[in-house]
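These numbers come from the heavy atoms of this one structure, side chains and all, not from hydrogens, waters or symmetry mates. The structure displayed is predicted, hence computed values, not measured ones. First the proteins, then the strands, lettered A, B, ... as listed; each starts at 1.
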Amino acid sequence: MKVAYWPGCVSRGFTPELHGSMAAVAPRLDLELIELDRANCCGAGVIAEHNQELVDTLNARTFAMAQQTGVQMMNICSTCQGAQSECQQRLDADPDYRAMINSHLEPEGLTYERGGREWTNKNLLWLLVEDIGLDALQEKVVRPLEGLRVAPFYGCYIVRPTGRLGYDEFPERDFYLDQVIEALGATTVDYAGSHKCCGFPVITMARATSLRQAGRHLADAIDAGGDCLVTPCPLCHLNLDLQQPEAEKYVERGLGIPVLHLPQLLGLALGLEPGELGMDKHVVRTREVQRKVAELVAA
Amino acid sequence: MPHHDVLVIGAGLAGMRAALAAAEGGATVGIVSKLHPVRSHSNAAQGGINAALNPEDSWESHAFDTVKGSDYLGDQNAIEIMCREAPEEILHLEHLGTTFHRNDGGMLGTRAFGGASAARTYYVADITGQAILHVLYEQLMKHQEVRRYEEFFVTALVQDDSGNVAGAVTRNLRDGAMELFHAKQVILATGGNGQVYDPTTNALVCTGDGIALAYRIGAPLMDMEMVQYHPTTLAGNGLLITEGARGEGAHLYNAEGERFMEKYAPNKMELASRDVVSRAEQIEIDEGRGFEDGTVHLDITKVPRKRIHEALREIVMIARDFAGVDITREPVPVKPGNHYVMGGIKTDTDGHTPVSGLYAAGETACVSVHGGNRLGANSLLDTLVFGRRAGARAAREAKAMVMPSASRAQLEHEKSAIEAIVGRERTGRRVSELHAELGEIMDKNVAVFRDEDGLGEALEVVKRLQEEAKTVATDDKGTIFNQDVLGALELGFMLDNAEAIVMGALERKESRGAQYRTDFPERNDDDWLRHITVTHNGSDGEVPELAYSDVTLTQWQPEARTY
Amino acid sequence: MSFDLKVRRYDPESGESAYWQDIQVELGPERSVLDAILKFKADTDNSLGIRCSCQAAICGSCGVRINGQSRLACNTQLGVASEEGRSKDGTIVVEPMGNMPVLKDLIVDMDAVHWKKIQRVVPWLLPEGEPPEREYVVPAESMIDITQSMACIQCGACVSACLSMEVDPEFVGPAALAKAYRFVGDPRDSQTEERLRDLAEDPHGIYDCTHCFACIEVCPKDVAPMSQIMRLRRRASGDYGIKDSNNGYGHEKAFVDIVRKYGTLHESQLLPRSYADGSLVKSQVRPDSLKQLAEGLPTVINGLRSGKVSPVKAIWHKKLPDQDQVRRIYHEVESRGERIELNLYIVGDEAEGDEWGPDAGAEAPAMGDAAEVATGPEAGTEQGAAVQ
């Protein structure tokens, strides 16, 4: 399957292991990635907060570039998914508004055509379940992650608001990460924080709120017996992994639970080695997860 | 033991408006409500509020429409006051922050409503009541000098030895504590009594508390037989679909696809007054031209979608959530359903009742501005104009007097009455069963069409239920939020209301406004152009007394009523 | 049909802790969870406490959590609640709302939390001087615009679901901030800037919202409280240039400017810029921000040590190949001098519900009616300055 691939900013910035692991795992999923390397930032909700017309134009530009490839668009970031879906909803709702936005793209020779059901922008997680299929995914597994207890962390932007995110048609989107974890042979950890907020958006504005959120979810996952978390959102990853030592101060306890990117978890099950997946580039060491996976191979 | 110059009971539009006016008049004010003020049923007034504010319109025209709508039973002096003061009241609300719809020029804009000869209904989408209610509550939050008692229930009014109202006995729902509230003047503003019927558009709290409280100390109730059935309520649960829908251009059809209002009101069609439209629907349904579920269809799809979105959003949600109908695409089944009581506690044009120191305003009261039939969008107006007048008058009176003495005996009496209910073993039926039987008989026999036999049967049922109600017990024996004992007290209130409604309906041997007697199908001005009052003398078992009072005519003599 | 409910009971007078009660009710699937509870009360046990009144999603009394989701019991259908994914084996779990103390069974103390916060935002109109003889003349759209926040019925579902409030009980919160927008967006109010400054400077104000959409998801009246909070931020920073001590202004400006410059986000510039009202000029770092910068330092060190951030990458960021196009878009939009907002609450997104076809959008409303043009006193001028 060929997709117009939007990696987002953070996967090429502060979480390069995400970009790398996606590239590594794509062939194993028979995904051909046409990277949109001229596309711009989705705005992550912040540009929307500043100026709607601006953010809608910027994302229409990305969509238009993706549409030129003639295939569906895929992203690997919950925040990109949410921010872009918000813009797409407005663009699709009103033809006059869309035309006005498109007029900004004209000098570059780009046009966004109403997406609807014909053209979609899906996070890797959605694509895995809806286009590749859990059965097909399961067949590709060469190293079932038996005994690995994984706590799913979805990221707000991919779960709310459901009305905008296609949940009417795909209500199961609320559980995809759980389903993927199970399909890879691992065990899903049920804990309070899976669909809550990592706190990242306010890290510079309300540090205590931000890190208390991250810390609490991490603690809940540990208490529920999780070996690691997995997330389809690199921004969540920043608060959950990069900031984890800081979050400890706000929940007043030790944490130390590794946080994997979705492609890393996929990669492990599909036979890639932790090193190929950038698993040494985490702030919270992933040694325990690596050891468990190594034992699986030995067993 | 709280002391206030003015104690307002009920915190919907009439109550809050009265409290603010009394405070403005320099009185110390307490306002008691059995639910948080913003939960009040004034919320449910969707369509708007009438006023002849437009320079091309006139208060006389508004007054005449109201008189005609009332089937000439409204008191014209009171109607004149309401219609004259309407523009001022709208502007006052606008200045306080109500987000009334604007026209292209940024001025207040209007929509059409039933029974009106001009588009004079001011509105906030279809949440007008809610929008105004919340604005008045904002003012209560601002004016902290009005002391709020939220989630306090009044079990009885208290009088001094000379019969002046001197306060009320309250029960704090949060902890069950009962107290005597002292007041120089008491204003009842507890809304209507729709829960006497089933189904009804009214909220669960509309149990006619104020009407019964006043009735129990001998205040006369007037026009109680005048119970409005709204033409467009949802079939299953009685929820309201605003008249604003028809104001925006929606039509009514029977099962034969006929726009049947052509037969009944060829000029005003769907926008004839409510009694006329409800009767027309009921005839269509009774004569077999309704749909299988006993409904007719309201077709809103003719209204442009953008306009529906902007002006009828609430009913889009109501029809979607409660009837599974997308009104932008398909008609919604409706039928006439209990909605409003034109009658209530008899008052003068300052809201004062014949009991010294006792006032009533809003649906609780009968001034009478609605007579036999209330026009859509006149109820909000009634609450505000007469709420304000009652509050202002009460403040004036309070200034000139000392606090009357209220004995604690009443408090002790109420305490033991409640203890008796809570302590009672269950021997008979549950409150819910009695309530259900009441609602059913009222909707069957005291509805759009009535006759002697049906009304007689209803009165018997009410009498029997009154006896049975003395035996009800509660599951909840606690004090914190004991909603069970509250329900038992409300049942008693509802039965008092029902008694007065049925007695009035039996007595009025003619057809006028909402009262249509199949055994007396004509309006009879010679004998019945007068109000009926029902008065209860308090002592148990006594038969309530019926009396008459004249209808005040100023400039409009009764004429045949056509739309 | 028979439905199984699991209801959280709590009797403060019993001395016992809260417990679950299993309830079975026979009702049609189109009936509401409130209907089921009322039926149970009517037939079996009327000591179960729940506030309710209108049964039509207007009075806002019956906010509860159903299957973990905050909503009104009266407009949640039994059939839907028992079949949704959140329900385990078709059982409908009913609990009191979150973030507020429970008084009894499903009744929470809204005064202690919800109403206290509403009171916090000065929830009444503050016009300038005496009112006019007739009405205030204001643009028609401005009234429709704030009708979205006026539609709030104060049910508390958003407060119950708020994920910021869960960790910071002092957060002013979604309902109160939506209420604040109702006045900020009202052209009749004279305290717009004061209100915005107050809520921007409050450490638990508009910049304490983590943007999690929980309030939007649960609101039964489509008030979209978070969207109102974002509009408060937009007005505070865009229209009034309020440089708050929470770095809200700085964060927004930094982000927007970085994308203007590079096309993609350069994270390592975001922090220092955020702490300096969006600029990188060192002298602009406010003294109180130095502490915040220092707090961020261990994270930077951790990032470098883990190898995920190289020192070069921390400093150098590549521009997009067609970055001039992004700059041109910025310029075109910002030089307009007015902000255009398409509010789907007003125009509806009905085109989405239609059959997908070439002319599916044809009956959608015209944008001329739909888009709101910002009317702030300095709308555009702030932004105009920012382009330079």
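Panel note: side chain C/Glu217, backbone A/Arg160; no donor-acceptor pair is recorded below 3.5 Å. For A/Glu53 (side chain) and C/Arg339 (main-chain N/O), no donor-acceptor pair under 3.5 Å exists by modelled atom type. Of the possible donor and acceptor atoms, one in the side chain of C/Arg328 sits under 3.5 Å from a partner among the backbone N and O of A/His104. Within the 3.5 Å criterion, the main-chain N or O of C/Ile329 finds no donor-acceptor partner in the side chain of A/Arg61. A donor-acceptor distance shorter than 3.5 angstrom exists from the side chain of A/Gln213 to the backbone of C/Leu163, with no hydrogens or angles considered. At least one donor-acceptor pair closer than 3.5 Å links the side chain of C/Asn247 to the backbone N or O of A/Thr204.
Proximity to chain C (any heavy atom under 4.5 Å) is shown, for A/Val284, by neither the backbone nor the side chain. For A/Arg212, the parts lying near chain C are the backbone and the side chain together; criterion is any non-hydrogen pair under 4.5 Å. Residue A/Asp241 touches chain C through its side chain alone, counting heavy-atom pairs closer than 4.5 Å. Heavy-atom distances place no part of A/Ala208 under 4.5 Å from chain C, backbone and side chain included. The contact between A/Glu49 and chain C is made by backbone and side chain atoms together, counting heavy-atom distances below 4.5 Å. In this structure, chain C has no heavy atom under 4.5 Å from any part of A/Asp56. In this structure, chain A has heavy atoms under 4.5 Å from both the backbone and the side chain of C/Glu166. For A/Pro171, no part lies under 4.5 angstrom from a heavy atom of chain C. In this structure, no portion of A/Ala99 lies under 4.5 Å from any heavy atom of chain C. Contacts of C/Ser268 with chain A are made by both backbone and side-chain atoms, with heavy-atom separations under 4.5 Å. Within the 4.5 angstrom heavy-atom criterion, only side-chain atoms of A/Arg216, from C-beta onward, approach chain C.
Taking the six-membered ring for Trp and thresholds of 30 and 60 degrees, C/His211 and A/Tyr157 have nearly parallel ring planes, at less than 30 degrees apart.
When each of A/Gln243, A/Glu246, A/Met205 is checked for heavy-atom pairs under 4.5 Å with chain C, A/Met205 comes out on top. Between chain C and the options A/Gly215, A/Gly43, A/Cys198, the largest number of non-hydrogen pairs under 4.5 Å is found for A/Gly43. With respect to chain A, the highest number of heavy-atom pairs below 4.5 Å among C/Ser227, C/Ala214, C/Pro203, C/Gly68 belongs to C/Ala214. Put simply, of C/Ile216, C/Ile258, C/Leu271, C/Val326, the one with the most heavy-atom pairs under 4.5 Å next to chain A is C/Val326. When each of A/Ala39, A/Gly82, A/Gly278 is checked for heavy-atom pairs under 4.5 Å with chain C, A/Ala39 comes out on top. With chain A as the partner, the residue from C/His266, C/Glu295, C/Glu332 showing the most heavy-atom pairs under 4.5 Å is C/Glu295.
Contact check for C/Leu265 versus A/Phe14: no side-chain heavy atoms found under the 4.5 Å cut-off. Between A/Val202 and C/Tyr207 the shortest side-chain heavy-atom distance does not fall below 4.5 Å. Within the 4.5 Å cutoff, the side chain of C/Tyr262 has no heavy atoms near those of the A/Cys41 side chain. Side-chain contact between C/Ile340 and A/Met100 is present, with at least one heavy-atom pair separated by less than 4.5 Å.
In plain terms, the two heavy atoms of A/Gln52 and C/Leu342 that are nearest each other are OE1-N, 3.0 Å. The nearest pair of heavy atoms linking C/Leu344 to A/Ala93 is CD2-CB, 3.6 Å. When all heavy atoms are compared, the tightest approach of A/Leu54 to C/Tyr330 is CD2-CE2, 3.6 Å. Shown here for A/Cys197 and C/Thr210, the closest heavy-atom pair between the two residues is SG-OG1, 3.2 Å. Here the shortest heavy-atom pairing between A/Leu242 and C/Gly303 reads CD1-CA, 3.6 Å. Of all non-hydrogen atoms in A/His50 and C/Arg234, the two that sit nearest each other are O-CG, 3.4 Å.
Here the CD atom belonging to C/Glu341 is positioned 9.0 Å from the OH atom belonging to A/Tyr97, to the nearest 0.5 angstrom. Note that CD of A/Gln244 and OG1 of C/Thr299 are 11.5 Å apart. Values are rounded to the nearest 0.5 Å. Put simply, CD on C/Gln325 and CG on A/Asn40 are 10.5 Å apart, with the number rounded to the nearest 0.5 Å.
Within a 6.0 Å radius of CG in A/Asp37, more than 12 heavy atoms belonging to other residues, nucleotides or ligands are found. Counted within 6.0 Å of NZ on C/Lys319, heavy atoms from surrounding residues, nucleotides or ligands total 12 or fewer; the atom is thus considered open.
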*What do the steps show when you test C/Lys308 against A/His237 for side chain to side chain contact (heavy atoms under 4.5 Å, CB included), and what is the final call?*
CA-CA 12 Å; C/Lys308 63 161 59 198; A/His237 196 271; 3.8 Å; yes

